[in-house]
Amino acid sequence: MDNVARLTSDDNYFEDFEVGQTIRHARGKTMTNLENVNITNMVMNTAQGHFNEDQMSKTPLGQILCYGGVNFSLVLGLATQDTCENALAELGLDKIQLKTMVFHGDTLYAYSRVLEKRESDREDAGIVVFKHWGVNQNKELVAELERTALIKKKSHWLDR
Amino acid sequence: MLNIFGGLGKGTVSDGSEIEEVMASAVLRKRGQGFHDFEVGEVIHHHWGRTITEADAIQFCHLTLAYNPLYFNREYAKAHGHPDIVVCPQLVFNMILGLTVEICSEGLGGPFLGVYDLKYLEPVYPGDTLTAVSTTEAKRESESSEGRGVVTWFNEGFNQHGRKVIEYRRSNLAIWKGQMGGEKVAKAAKAAKGDKGNG
C-alpha cells in the first residue's frame, strides 16, 4: 500500500507530543446494551449482573451494571484517535482504576495527558506514556489509567 | 395431537403443573466461587478458550471508537509488516478476562476494582485462539467492613503456539455478608437514574 501517511492525521506523531500536554477529546459516547451487553457476552464474561435485568432489578442497584472492562475500553477508544492513531503498537496499560459505576444511558467523555516521552529501540518510533481519564455526564470520574504506546516518528513515516 | 401452546388446549403436553413441579424440585447448579475458596499460589487453567474472528475484532474496535487503522484496514496493517489486521489490544484483554470470570469473579459478589502492570507482549490476529491462566496472588480481608475482602490474581493469556500475548494483575472486591450496593450505592444509583430522567 502506498501513501499510508495519508490515512491518518499529521499532528499526532511522536514529535507532536509534549510532556504535560493535556487533551480534551472531541467525542463522548453513551453506554447502551450495544456496548455493555454485547461486548460482555462477546468476551464470555459470565457475570450476569452485566446482562440480567431481572436479577439486577432485585438488588440495591436496581439495574444492570456495566462491565468495567467495557467502561475503560471505551475511555481508551475515545482517546485513541488523538493519542494512538499513529501508534505502531500499544505496549501496555497500568494503574487502571474504576471509580464510579456506569449504567446504561450514562455518557462517557475522555481526557488525556502526556506523562512521559522516550526513545525506543527502533529509530522510526518512540515511546509515549499517556494518562487517560473517563468522566460521565455528571463530571464524575469513572476510570483512570495509563497507556504506553510505540508511536511513529514524522521523520520516518510522514512521506510513506 | 401436539399442542405447542401447552396449557391452552385439551390433551396438552404440559398443563402448567409440570413446570411448577420442575421449578420446585430443581437443584441450582451453582457457578462461581467465593472468597474463602481461593488459595494464594494456586494456578487455575480456565475453561473454553476462544478463537478471535475478524468480526469480533472489527466490531469491538468500532464500538469502542478505537481509531488506529492497524485494527481495521488490512492493507495498512500489511504495509506495517503484519500478516493481517491487528486485533485491538483491549479486545485481547477483555477476552482473557472474560475467560477467567466464572472461576475468579462471578461468585464474589463485588465489582472489578483495578488492573495493574498490563503488558501486550505480541500482536494477535484474526484466527488466533487464546487461552487464559490465573495465579491467585493475594487475598485480603477488609479490616473496616465485615464480610468484605479483595482478591488479586496474575492473569496470563496464550495463543495457539503457546506464546504469551498478554499478562496483568487484577483485583476484585469480594462480598460475603450483605449485598453489593448497600445504602450509599443504592442511593447514588437512584439519584443518577433520576438525573437521567429514565427512573
Side-chain angles (χ1 to χ4, degrees), chain A residues 1-2 4 7-8 27 29 34-35 38-49 59-63 65 67-70 72-81 84-98 100-101 103-106 136-138 140 145 148 152 160, chain B residues 31-32 48 50 56 59-61 63-70 73 75-76 78-81 86 88-91 93-99 101-102 105-106 111-121 123 168 170 179-183 185-190 192-193 195-196 198-199:
Chain A
M1 176 181 255
D2 295 331
V4 293
L7 296 176
T8 57
R27 308 182 190 101
K29 188 167 184 194
L34 188 60
E35 292 75 26
N38 185 22
I39 294 173
T40 297
N41 288 160
M42 177 203 263
V43 302
M44 300 184 290
N45 176 340
T46 49
Q48 63 178 341
T59 70
L61 294 180
Q63 58 184 315
L65 175 65
Y67 156 45
V70 177
F72 81 74
S73 296
L74 182 52
V75 172
L76 287 171
L78 289 164
T80 292
Q81 187 178 5
C84 289
E85 188 187 23
N86 277 313
L88 288 173
E90 296 184 37
L91 302 175
L93 304 172
D94 198 10
K95 304 184 180 88
I96 303 174
Q97 296 182 66
L98 300 162
T100 302
M101 292 186 282
F103 301 100
H104 291 171
D106 283 347
N136 65 16
Q137 67 280 9
N138 299 321
E140 293 167 308
L145 68 161
T148 302
K152 292 185 208 173
R160 287 168 74 167
Chain B
R31 294 288 174 186
W48 300 337
R50 176 68 146 76
D56 296 327
Q59 188 180 44
F60 180 91
C61 89
L63 285 176
T64 61
L65 318 177
Y67 296 129
N68 177 328
L70 289 174
N73 178 333
E75 299 311 315
Y76 182 92
K78 283 182 177 171
H80 290 76
V86 177
C88 176
Q90 275 64 251
L91 175 57
F93 163 78
N94 280 293
M95 206 64 100
I96 293 302
L97 188 139
L99 292 170
V101 167
E102 183 179 291
S105 47
E106 187 170 353
F112 168 23
L113 295 175
V115 174
Y116 290 84
D117 308 322
L118 187 154
K119 294 185 182 77
Y120 292 121
L121 300 165
Y168 57 88
R170 82 149 160 140
Q179 216 174 4
M180 179 159 76
E183 295 300 313
V185 163
K187 207 173 152 189
K190 211 172 172 182
K193 220 176 165 181
D195 287 346
K196 284 179 291 173
N198 63 356

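Letters A, B, ... are given to chains in the order of the sequence lines, protein chains preceding strands, and every chain is numbered from 1.
A distance of 12.5 Å separates NZ of A:Lys95 from CG of B:Leu118, quoted to the nearest 0.5 Å. Note: A:Asp2 CG to B:Glu75 CD = 11.0 Å, rounded to the nearest 0.5 Å.
Contact of B:Phe93 with chain A is made through the side chain alone, with heavy-atom distances under 4.5 Å. Residue contact with chain A, scored on non-hydrogen atoms closer than 4.5 Å, involves the backbone and the side chain of B:Leu99 alike. Contact of B:Leu113 with chain A is made through the backbone alone, with heavy-atom distances under 4.5 Å.
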Exercise for the section: Mind running side chain to side chain contact (heavy atoms under 4.5 Å, CB included) on A:Thr8 and B:Tyr76 for me, showing each step along the way? Expected result: CA-CA 11 Å; A:Thr8 57; B:Tyr76 182 92; 3.6 Å; yes
Practice task
Would you check, one step at a time, whether the test side chain to side chain contact (heavy atoms under 4.5 Å, CB included) holds for B:Val101 with A:Tyr67?
Solution key: CA-CA 11 Å; B:Val101 167; A:Tyr67 156 45; 6.0 Å; no
Handout entry: Test log, rule side chain to side chain contact (heavy atoms under 4.5 Å, CB included), inputs B:Leu91 and A:Met42
Key = CA-CA 10 Å; B:Leu91 175 57; A:Met42 177 203 263; 4.1 Å; yes
Handout entry: Criterion side chain to side chain contact (heavy atoms under 4.5 Å, CB included) on B:Asn68 and A:Glu90, from CA distance to verdict
Key = CA-CA 10 Å; B:Asn68 177 328; A:Glu90 296 184 37; 5.7 Å; no
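Applying the salt bridge (Lys or Arg N to Asp or Glu O under 4.0 Å) rule to B:Arg31 yields the partners B:Glu102; only residues at least two apart in sequence or on another chain are considered.
Listed options A:Gln48, A:Gln81, A:Met44 were ranked by heavy-atom pairs under 4.5 angstrom with chain B; first place goes to A:Met44. Taking chain B as the reference chain and counting heavy-atom pairs below 4.5 Å, the highest number among A:Val70, A:Leu91, A:Leu74 is found for A:Leu91. For chain B, the option among A:Leu93, A:Thr80, A:Asn45, A:Leu76 with the highest count of heavy-atom pairs below 4.5 Å is A:Leu93. The candidate from A:Thr40, A:Thr148, A:Asn38 with the greatest count of non-hydrogen atom pairs under 4.5 Å with chain B is A:Asn38. The residue among A:Asn86, A:Ile39, A:Leu78 with the most heavy atom pairs within less than 4.5 Å of chain B is A:Ile39. No other option in A:Cys84, A:Gly77, A:Ala89 has as many heavy-atom pairs under 4.5 Å with chain B as A:Gly77.
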